[in-house]
Amino acid sequence: MLLRLGGDEDRVRATAKELVPRFTGRHGPLRLSATGEAQISAEVQEQSERDLFRAEAYAAPVILLILLFVFGSAVAAGLPLLIGVFSILGTFVVLQILSRLTSVSVFAVNITTALGLGLAIDYSLFIVTRFREEMARGLGTAEAVAQSVRTAGRTVLFSALTVALSLSALLVFPLYFLRSFAYAGVAVVTLAAVAALVVLPAALGLLGPRVDALDVRRLFRRRPKPDAGQGTGTERATGNGGFWHRLATAVMRRPVLCATGVITLLVVLGLPFTRVSFGLIDDRVLPGDAPAHRTAQFVREEFASRENAALSVVLPTVSGSGDRPRVAAYAARLSAVPGVARVDTVTGSYAAGRQVMDASPASASFAAGGASWLSVVPSVEPYSSAGAELVQRLRADSAPGAVLVGGDAAVLADTRDTLADRLPEAALIIGGTTVVLLFLFTGSVLIPVKAVLLNLLSLTATFGAMVYVFQEGHLRAVVGDFTVTGLVDITMPVLMFCVAFGLSMDYEVFLLSRIKEAYAETRDNTLAVATGLELTGRLVSAAAALVAVVMIALATSGITFLKLLGVGLALAVLLDATLVRGVLVPAVMRLAGRANWWAPPALRRLHARLGLTDE
């Protein structure tokens with residue numbers, strides 16, 4: 001039985017929640033079950049809510065342990081976690097308000113909550129660390145807070161701007177699914193930055209030296225705090241010769257070899273994306289034991305006909321008994337199109353170019369209001385490349401009048417075309433705003449361009465994993481079980497790119513801020529790069545580990561869509577914080593030398609006048 005529900009997505013989902021429990025289950029000798037878009041949406045919402053709370057429960061203790069390891073103080077470690085909790089609560093409020101103003105995807109709650117938690121902890125981590133550095137130099141509490149906000153705080157502001165602008169590029173796509181992530185994501189990033197820049201400094205001002213209270217370093221057998229001692233950050237980093245300083249120095253001795261090796265590895269990891277096959281999500285996004293998934297799978301296996309995925313072909317200017325012969329001939333021609341199983345019209349049903357069934361009384365509904373409607377039942381998977389190609393063939397076939405094609409496969413075809421049309425605009429927004437912001441931040445022309453190119457390169461492995469793992473089904477024992485469809489949701493690369501690019505720029509800004517400080521003190525490019533990496537390597541690694549924990553917790557979801565995002569984003573931030581920041585950035589900046597800091601005279605004057613610097 002096929003039941004069609006009216007109303008918008010929220011209304012349809014609410015109706016399904018009301019009707020399905022009443023009519024499914026045992027009814028005498030019958031056992032009824034339900035599936036379809038409405039029921040799938042309802043079950044996805046319930047599953048995602050359960051997954052959200054489980055992910056947070058998994059992530060919280062691991063995050064606390066990492067923070068304890070980084071800070072060695074329970075009080076200092078607790079501050080980023082408290083700011084993260086503040087951000088999560090604020091995120092729920094923001095999403096509740098947004099849901100009353102516009103449509104917000106049920107997935108937005110999971111992703112933006114994870115993003116808000118990760119960024120709030122990242123931003124807090126850098127500000128608290130800078131505060132402890134300034135206190136170790138002998139500054140008083142008020143002066144240390146002011147210096148931390150002036151340096152690390154301004155870096156956080158620039159970082160938040162880059163992430164927010166990357167997410168805002170989703171607004172160019174006229175798809176509510178992507179736009180809901182833009183609205184929610186920008187709001188959450190803003191909230192995380194405000195919490196780090198307003199709430200955290202106030203807490204640091206109240207705590208002062210007590211930020212180092214409850215020292216647990218002895219439990220971890222740690223050496224004395226690496227940020228202790230007098231002098232500038234450059235002097236301390238140069239003098240201690242830590243791991244990251246030695247790594248940067250080693251890389252810059254052989255920059256060509258190191259850069260070539262990492263670039264080759266990332267390109268190889270990205271090669272599976274050349275085999276990508278796009279589709280849209282359906283019931284198989286749910287766990288295999290979900291009722292809607294089981295029912296839909298039974299329909300696929302036991303019923304050859306795809307009535308519920310029929311395409312609607314409307315001839316708005318062709319109607320009436322005089323037009324029936326033309327409509328019948330058109331229907332017979334469409335039934336012979338590859339990928340079409342049957343065409344139903346007012347004159348009957350057609351298959352393989354011939355009429356197979358006479359008209360029934362119900363078929364009168366196929367012609368009304370001055371138009372004719374043909375129901376085209378496909379023989380191919382609607383949410384697949386074959387389904388999109390079928391729509392193209394139907395639209396290309398000559399019709400007796402104007403023709404409109406709708407249905408599941410048409411949604412995929414139109415989504416694909418819309419994304420392709422708007423991608424250049426989104427790329428221009430992300431690339432252009434990033435280059436402008438980094439120029440204002442560094443005063444350099446080359447560094448912003450280098451940052452964009454390296455960030456693009458860092459995403460290759462993520463896109464390769466998208467196909468190798470989730471389209472082709474490899475490594476399911478590692479990432480958790482899911483249903484392999486042989487497809488990747490067509491919106492995933494766009495969403496993944498915007499979120500991952502913003503997170504990558506997050507770490508780029510933190511690293512550049514310390515490299516720029518060191519270069520301003522020493523005017524030595526090689527020393528500045530090594531010093532900047534030494535001062536931020538440990539923190540960027542910790543920040544990436546914290547975000548990866550949040551994203552891996554997201555990947556425990558039973559929903560394939562969220563699992564893909566969690567795995568992809570965790571991989572992106574870990575590779576970016578290690579191979580890209582640890583090897584590629586030092587190698588490329590060593591090869592560029594003093595050209596890193598070059599800008600035309602007019603732009604140098606512009607940068608000096610605007611004064612956008614964290615010095």
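Using a 4.5 Å cut-off on side-chain heavy atoms (C-beta onward), L569 and M496 make contact. Side chains of F181 and V499 form no contact here, defined as non-hydrogen atoms less than 4.5 Å apart. Taking 4.5 Å as the limit, every side-chain heavy atom of Y468 sits out of range of all side-chain heavy atoms of L271. Within the 4.5 Å cutoff, the side chain of V211 has no heavy atoms near those of the F71 side chain. Two residues are said to be in side-chain contact when any heavy atoms from C-beta on lie closer than 4.5 Å; L546 and L125 meet this criterion. For the pair L457 and T460, the minimum side-chain heavy-atom distance is below 4.5 Å. Within the 4.5 Å cutoff, no side-chain heavy atoms of I552 are placed close to those of V567. By the 4.5 Å heavy-atom criterion applied to side chains, T526 and M589 are not counted as neighbours.
The backbone N or O of S504 lies less than 3.5 Å from a partner atom in the side chain of R581, making a donor-acceptor pair. Side chain of S513 to backbone of F510: a donor-acceptor contact under 3.5 angstrom is found. Although no hydrogens or angles enter the test, the distance criterion places no donor-acceptor pair under 3.5 Å between the side chain of T102 and the main chain of L98.
Side-chain N/O atoms of Y507 and D122 include a donor and acceptor closer than 3.5 Å. Side-chain atoms of N525 and N596 include a donor-acceptor pair closer than 3.5 Å.
For F177, the CZ atom is densely surrounded, since the number of other residues' heavy atoms within 6.0 Å is greater than 12. Under a cut-off of 6.0 angstrom, the local environment of CZ in R254 is sparse, with at most 12 non-hydrogen atoms contributed by other residues, nucleotides or ligands.
Note that the CD1 atom of I263 and the CG atom of L579 stand 11.5 Å from one another [nearest 0.5 Å]. Distance CZ/F131 to CG/L207: 7.5 Å, rounded to 0.5 Å. Rounded to the nearest 0.5 Å, atoms OG (S41) and CG (D283) are 13.0 Å apart.
Checked for salt-bridge contact, E43 and R50 miss the test: no charged N lies under 4.0 Å from a carboxylate O. Using a cut-off of 4.0 Å between Lys/Arg side-chain N and Asp/Glu carboxylate O, K450 and E508 are scored as salt-bridged. Salt bridge present: E517 and R130 bring a charged side-chain N and a carboxylate O closer than 4.0 Å.
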Using side-chain contact (heavy atoms from CB on, under 4.5 Å), reason through K563 and T556 one step at a time and then give a plain yes or no. CA-CA 6 Å; K563 189 182 294 291; T556 63; 5.9 Å; no

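Shown are E134, E133, R132; of these, the side chain to side chain contact (heavy atoms under 4.5 Å, CB included) with S148 is made only by E134.
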